[in-house]
2 protein chains.
Amino acid sequence: MSDALSAIERFSRYQSDDAQSVESVHCPVRDVLDRIGDKWSILMIMTLATRPQRFSELHRAIRDISKRMLTQTLRDLERDGLITRHVFPTKPPSVEYCLSPLGQSLLDPMASLIDWADRRYSDIHAARVRFDGAPCDVPR
Amino acid sequence: MSDALSAIERFSRYQSDDAQSVESVHCPVRDVLDRIGDKWSILMIMTLATRPQRFSELHRAIRDISKRMLTQTLRDLERDGLITRHVFPTKPPSVEYCLSPLGQSLLDPMASLIDWADRRYSDIHAARVRFDGAPCDVPR
DNA sequence: CAGCATCCAACTAGATACTG
DNA sequence: CAGTATCTAGTTGGATGCTG
């Protein structure tokens, strides 16, 4: 893995040039964040990381997702090549979703983020309490 | 850094138990994603990673953010302890924003994600073209 | 079983105007 | 300079009902 600063520079490239009017020049990072930043994608990838699963298995695993969002999230992830969809021509139909190699390659970077979240959450929570408790030490 | 699978297990914990009605039990990962998944936070952190900067410097660096969102993003990041805010009592006022140690500790995990995005973007783009081009090879 | 279609409430964020 | 306030368009996602 390359270091943080060079990654920052690559990220900043897409912001520094005049990509204001040209919407076609799209920042990859923005793109990835839009995908994994939504409500269910990461949880879906994480759930599929353990093993391939069928539609209703996923629905049981992520109990508070609606069928609408389950379908849509799966479709978006499939479109981006992160998961594959295989239909078994049984009756009633059965569809299995599976993490693709591309999707698996996302597991490591995501794990490092999850790891950070887990370890630093108490710090964040403490900061919030501090901030909410003393909102006006310095005039704003 | 711990491996991906154990991170997945920790993440899944928060989903598997009956946290449906109890909204107070909050998943740290969800929390972090809500912060860095929004439109400007990562870009803000990345911009501040190079050096501390003032309000209008940030506005110039991120040219297509509105003042409203600039203020709000900075406030949210400050609340979570990721950045610090220092007011210089000059006239007119001058305010400097700076990445905190906690915020700096986020740079590495974020860099690994950015790195992934940068390297795999061509794969994702190709997958999209394939998906959009051949939407109905298999009946859906 | 594995979806799709429709409607709608809530939230996000841009535009604009004003302030100490 | 560094914000705040208000209004509004656009987006997200939940609820519900229907289908091969």
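This one's a predicted model, so the numbers in the text were calculated from it and none came from an experiment.
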- Partner residues of A:Ser105 under the side chain to side chain donor-acceptor pair (under 3.5 Å) criterion, sequence neighbours left out: B:Trp116
- Query: Who are the side chain to side chain donor-acceptor pair (under 3.5 Å) partners of A:Arg68, not counting sequence neighbours?
  - Reply: A:Gln72
To the nearest Å, how far apart are [X] [atom1] and [N] [atom2]?
{"X": "B:Leu43", "N": "C:dA13", "atom1": "CG", "atom2": "P", "value": "13 Å"}
{"X": "B:Arg35", "N": "C:dT12", "atom1": "CZ", "atom2": "C1'", "value": "13 Å"}
{"X": "B:Glu96", "N": "D:dG3", "atom1": "CD", "atom2": "P", "value": "12 Å"}
{"X": "A:Leu58", "N": "C:dG3", "atom1": "CG", "atom2": "P", "value": "10 Å"}
{"X": "A:His59", "N": "D:dG14", "atom1": "NE2", "atom2": "P", "value": "10 Å"}
{"X": "A:Leu70", "N": "C:dC1", "atom1": "CG", "atom2": "P", "value": "13 Å"}
{"X": "A:Arg60", "N": "C:dC1", "atom1": "CZ", "atom2": "C1'", "value": "10 Å"}
{"X": "B:Lys91", "N": "D:dA2", "atom1": "NZ", "atom2": "P", "value": "15 Å"}

- Of A:Pro93 and A:Thr71, whose nearest nucleotide on DNA chain C comes first from the 5' end? A:Pro93
- Go through the structure and list residues passing side chain to side chain contact (heavy atoms under 4.5 Å, CB included) with A:Lys39, not counting sequence neighbours. none
- Message: Could you work out, with side chain to side chain contact (heavy atoms under 4.5 Å, CB included) as the rule, every residue matching A:Ser41, not counting sequence neighbours?
- Response: A:Arg35, A:Asp38, A:Thr73, A:Leu77
- Item | Pair listing, salt bridge (Lys or Arg N to Asp or Glu O under 4.0 Å) test, anchored in residues 44-53 of chain A, at least two apart | A:Arg51-A:Glu57
Give the table of side-chain donor-acceptor pairs shorter than 3.5 Å for residues 93-101 of chain A, with sequence neighbours excluded, one pair per line with atom names and distance.
residue	atom	partner	partner atom	Å
A:Tyr97	OH	A:Arg85	NE	3.3
A:Ser100	OG	A:Gly81	O	2.6
A:Ser100	OG	A:Leu82	O	3.0
A:Ser100	OG	A:Leu102	N	3.3
A:Ser100	OG	A:Gly103	N	3.0

- Message: With a 4.0 Å limit, can you tell me whether B:Tyr97 has a side-chain N or O closer than that to the phosphate oxygens OP1/OP2 of D:dG3?
- Response: yes
- Message: Does C:dA2 have its OP1 or OP2 closer than 4.0 Å to a side-chain nitrogen or oxygen of A:Arg85?
- Response: no
- To the nearest 10°, let me know how far the axis at one end of the helix from C:dC1-D:dG20 to C:dG20-D:dC1 is tilted from the axis at the other, five pairs an end. 50°
- Item | Closest non-hydrogen atom pair, B:Thr47 against B:Thr50 | O-OG1, 2.9 Å
- Query: Which heavy atom of A:Asp31 sits nearest a heavy atom of B:Tyr121, and at what distance?
  - Reply: OD2-OH, 3.2 Å
Polar-atom pairs under 3.5 Å, protein N or O versus N or O of nucleotides 10-13 of chain D: list them with distances, or write none.
residue	atom	partner	partner atom	Å
D:dG13	OP1	A:Lys39	N	3.4
D:dG13	N7	A:Arg68	NH2	3.2

- Note on the structure: ring-ring contact (aromatic ring centres under 6.0 Å, His included) pairs touching residues 73-94 of chain B, sequence neighbours excluded, are B:His86-B:Phe88
- Item | Closest nucleotide among D:dG3, C:dG3, C:dC1 to the A:Arg54 side chain | C:dC1
